[in-house]
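Just so you know, ligand 1 is whichever comes first in the structure, and atom 1 is the first atom listed for that ligand. What you see is a predicted model; the values in this text were computed from it and never measured.
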Amino acid sequence: MKIIEDFSLKNYNTFGIAAKARFFVEITSIEELIKVLKFQDYPNKFILGGGSNMLLTQDIDALVIYVNIKGIRVVEEDENSIVLKAMAGENWHQLVLWTLDHGYGGLENLSLIPGNTGTAPIQNIGAYGVELKDRFVSCEALHKENLELTTFFLKDCQFGYRESFFKNKGRDTYVIVSVSFKLSKKNHEINKSYGAIEQELHKDNIENPTIRDISNAVIAIRNSKLPDPKKIGNSGSFFKNPIISKKEFEKFMEEHPEAPFYKVSEKEYKIPAGWLIEQCGFKGKRFGDAGVHKNQALVLVNYGNATGAEIMDLALNIIDNVKIKFGIMIVPEVNLIK
Ligand code: EPU
């Protein structure tokens, strides 16, 4: 383990923000993680995973611990299903591909989401009709102070829409080191409820899709809408889709009958923030190196050398405009690192 001083994090966050870590260390095992967390010389410690859901608004005056623990293994198995444990440093999409190569179903709708496995539960990643919580069994997390390893089961994690215990009460307290999932070995439950998947399958004349077909469809949809972080810095959806009450929704629809929406429950409706932002004229706009993606207004992008503060200014500008035009408050889904 080598501690590096004044380390640029540009290649360690998918937004490609060139903020610096005062100190940086990569760990590849739980033992190394424990050792580093015990270092008294560095009182401030910051845990970094795949860096896919954060905006660095300034340099980090701490020891940044890059969690790069690898490994996938079978925990339990019967004729129909399997429980897999993946270590935090496994790249999420590589894990999804691994499960498909082995014929395990369940994660295919979550194909091509950037980031690492250990970060996935923090915001309960979700896409195309499936959320992480639907396949989640448990995760192991190390307490940053008392160094105890605890297993959190589904009920402990308080998963919600882009929410979890680890994003709220448990914030900055735990380091997730592994995640376990229950997947199917046969009779896979194919989820093509999200309209775009059906359309994509239709293009290729696929009527009875396999889990691989679903994954390929999701990959094609994501590639057509979302920028590749390797080419243009971004953090996926920058904002959450706002959820409004039935009363607010009825008023909103009277004024904007053309707006898309999802019904969440009898009392609540979700409005796509991408639509709201597009209506405010931001889609495809560029302000220096900070911009709004041309195919999906929910995604803010860094064309090269934008700072976190510039992206944040753009985000605040968008929030104000959406509030003024629609009376709806949108909030970031990415973690803002201040
Ligand atoms: N829309 C617009 N303009 C835009 C973007 C979207 O009018 O610029 C409209 C679309 O036409 C559609 C609706 O908004 O009617 C929904 O769009 P889409 O299906 O692209 O999904 P989303 O609500 O924008 C959410 C997730 C994505 C996830 C997709 C698919 C959030 C914050 N985002 O986006 O997640 O991939 O659904 O499930 O919930 C991510 O979190 O990084 C992410 C990409």
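Polar contact with ligand 1: present for A297 (N/O pair, distance under 3.5 Å).
Contact analysis puts R222 in contact with ligand 1, with a non-hydrogen atom separation below 4.0 angstrom.
Looking only at protein heavy atoms, the nearest one to atom 26 (C) of ligand 1 is R162 NH2, 3.3 Å. With hydrogens left out, the protein atom closest to atom 29 (C) of ligand 1 is Y194 OH, 4.0 Å, a heavy atom.
Near Y161, meaning under 4.0 Å from any of its heavy atoms, are these atoms of ligand 1: 31 (C), 32 (C), 39 (O). Every atom of ligand 1 is numbered from 1 in the order shown, and the set under 4.0 Å from a heavy atom of K283 is 3 (N), 4 (C), 8 (O). For ligand 1, the atoms sitting less than 4.0 Å from at least one non-hydrogen atom of K225 are 18 (P), 19 (O), 20 (O), numbered in the order shown with element in parentheses. Taking every non-hydrogen atom of L298 and a distance limit under 4.0 Å, the qualifying atoms of ligand 1 come out as 24 (O), 32 (C), 33 (N), 34 (O). Less than 4.0 angstrom separates some heavy atom of P260 from each of these atoms of ligand 1: 15 (O). Listed by atom number, the atoms of ligand 1 under 4.0 Å from G236 heavy atoms are 42 (O).
Nearest to atom 44 (C) of ligand 1 by heavy atom, out of P242, S237, P114, is S237. For the residues Y262, F282, W275, the heavy atom positioned nearest atom 17 (O) of ligand 1 is part of Y262.
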